[in-house]
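Report on the structure given below.
Computed from a prediction, not measured in an experiment: that's the story for all the values here.
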Amino acid sequence: MEHTGILLHACCAPCSSASLEQLLETGYSPTVYFANSNIFPYEEFLKRESYTRELCSSWNIPFISEPWNHAQWLDAVEHRSNDPEGSRRCLLCFTYNLGLAAVKTKSMLLHQFTTTLALSPHKSFPQLMQAGSAYASFIPVDFKKKGGFQRSIELSRKYALYRQRYCGCEYSFKASSSS
Ligand code: SF4
């Protein structure tokens, strides 16, 4: 079977696990791209990055990490800091990260990319599609289908992956601490 290259923007190890499984089963040859300057604090970024890197290493998947630039990410979303999760702030956040993925896809001479963010039932798929549609190389893959989220829980147990309790940014951290 000929394998098709694809860049997989990855938010964390659990979402990467089931998304990678689906891509590999359908004949893709993915490269994982960890670009998540939204994650706060930096120690949390390092923790999620480390688990994702380890998973890729054990599955022989190429892994690339984008340096953490939280200040630049804040420039893109800070004016919507009071918005709740799932609002326009998240659309801006998706657009920021997927924009980096589009640039990386082009620089690697790949033709397409997608994102593990689509695996989470906590993320709006239409919002992700709206953010992704700004980039010609984005392909929509709804990893939630075929029980993707449940499979990520199984794989997280199997590989002892770290599963975070909040989405990523300081705003979502505060909201999860107060609920
Ligand atoms: S809640 Fe999640 S998706 Fe929304 S802005 Fe924060 S990190 Fe991004």
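No side-chain heavy atom of Q22 sits less than 4.5 Å from a side-chain heavy atom of T26. Residues Q127 and C90 have side chains in contact (heavy-atom distance under 4.5 Å, counting atoms from C-beta outward). At a threshold of 4.5 Å between non-hydrogen side-chain atoms, the residues L155 and E21 count as touching. Counting heavy atoms from C-beta outward, F143 and T115 have side chains that stay 4.5 Å or more apart. Looking at heavy atoms from C-beta onward, V32 lies out of side-chain contact with I64 at the 4.5 angstrom threshold. A 4.5 Å side-chain heavy-atom check between T95 and Y135 finds at least one atom pair inside the cut-off. Taking the side chain as every heavy atom from C-beta outward, S17 and S152 approach each other to under 4.5 Å.
The CG atom of L74 sits 9.5 Å away from atom CG of N69, with the distance rounded to the nearest 0.5 Å. Atoms SG and CD, on C169 and E85 in that order, are 7.0 Å from each other to the nearest 0.5 Å. Remark: S50 OG to L55 CG distance equals 11.0 Å, nearest 0.5 Å. Once rounded to the nearest 0.5 Å, the distance linking OG of S29 with CG of L23 reads 10.0 Å. In this structure, NE2 in H122 is found 13.5 Å from OG in S124, a value given to the nearest 0.5 Å. A distance of 9.5 Å separates CG in N38 from CD in E170, rounded to the nearest 0.5 Å.
Ring centroids of F45 and F34 are separated by less than 6.0 Å, placing the two rings close together. Taking the six-membered ring for Trp and the full ring otherwise, the centers of F40 and H70 sit less than 6.0 Å from each other.
Judged by distance alone, with hydrogens and angles left aside, the side-chain atoms of S107 form a donor-acceptor pair with the main-chain N or O of K104 at under 3.5 Å. For the pair W59 (side chain) and L20 (backbone), a donor-acceptor distance under 3.5 Å is absent. Between the side chain of S137 and the backbone N or O of Q112 there is no donor-acceptor pair closer than 3.5 Å. No side-chain donor-acceptor contact under 3.5 Å links H9 to the backbone of N97. Within the 3.5 Å criterion, the main-chain N or O of D83 finds a donor-acceptor partner in the side chain of R89. In this structure, S120 contributes its side chain and L117 its backbone to no donor-acceptor pair below 3.5 Å. The closest donor-acceptor contact from the side chain of E66 to the backbone of N36 lies at 3.5 Å or more, if one exists at all. Looking at T114, its side chain does come within 3.5 Å of a backbone N or O of I139 through a donor-acceptor pair. A donor-acceptor pair under 3.5 Å links the side-chain atoms of T116 to the main chain of C11, judged by distance alone.
Contact detail for C12 and Q164: the closest heavy-atom pair is SG-NE2, 3.4 Å. Closest heavy-atom contact between W68 and I39: NE1-O, 2.7 Å. Heavy-atom minimum distance, S37 versus Y96: CB-CE2, 4.2 Å. Taking every heavy atom of both residues into account, L92 and A76 meet most closely at CD1-O, 3.6 Å. Of all the heavy atoms in A10 and T52, the pair that sits closest is CB-CG2, 4.4 Å. Nearest heavy atoms, I61 versus P30: CG2-O, 3.6 Å.
Annotation: F173, atom CZ; neighbour count of heavy atoms from other residues, nucleotides and ligands within 6.0 Å does not exceed 12. Heavy atoms of other residues, nucleotides or ligands lying less than 6.0 angstrom from NE2 of H79 number more than 12.
Between Y51 and Y162, the two ring planes are tilted [angle within 30° to 60°].
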Dump the intermediate steps for side-chain contact (heavy atoms from CB on, under 4.5 Å) on F94 and K123, then the final yes or no. CA-CA 10 Å; F94 298 153; K123 306 280 188 304; 3.6 Å; yes
Quick one: do W73 and C93 satisfy side-chain contact (heavy atoms from CB on, under 4.5 Å)? Show the steps, please. CA-CA 8 Å; W73 177 84; C93 177; 3.4 Å; yes
Go through the steps to decide whether L100 and Y33 satisfy the test side-chain contact (heavy atoms from CB on, under 4.5 Å), and finish with yes or no. CA-CA 10 Å; L100 289 173; Y33 178 55; 3.6 Å; yes
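Grouping the Ile, Leu, Val, Met, Phe, Trp and Tyr side chains by contacts below 4.5 angstrom, directly or via other members, places Y171 apart from Y166. In the hydrophobic cluster analysis, where Ile, Leu, Val, Met, Phe, Trp and Tyr join through side-chain heavy atoms closer than 4.5 angstrom, L8 is grouped apart from L110. Cluster annotation: F113 and Y28 are assigned to distinct hydrophobic clusters (Ile/Leu/Val/Met/Phe/Trp/Tyr, side-chain heavy-atom contacts under 4.5 Å, transitive). Following chains of ILVMFWY side-chain contacts shorter than 4.5 Å, one can reach L119 starting from F63, so the two form part of one hydrophobic cluster. Under a hydrophobic-cluster definition in which Ile, Leu, Val, Met, Phe, Trp and Tyr are linked whenever side-chain heavy atoms come within less than 4.5 Å, directly or via other members, L7 and L24 are assigned to different clusters.
Remark: of the listed residues K145, K144, K146, K144 is the sole one forming a side chain to side chain donor-acceptor pair (under 3.5 Å) with D142.
E44 and K47 are not joined by a salt bridge, as no carboxylate oxygen comes within less than 4.0 angstrom of a charged side-chain nitrogen. Under a 4.0 Å N-O distance rule, the pair E49/R53 qualifies as a salt bridge.
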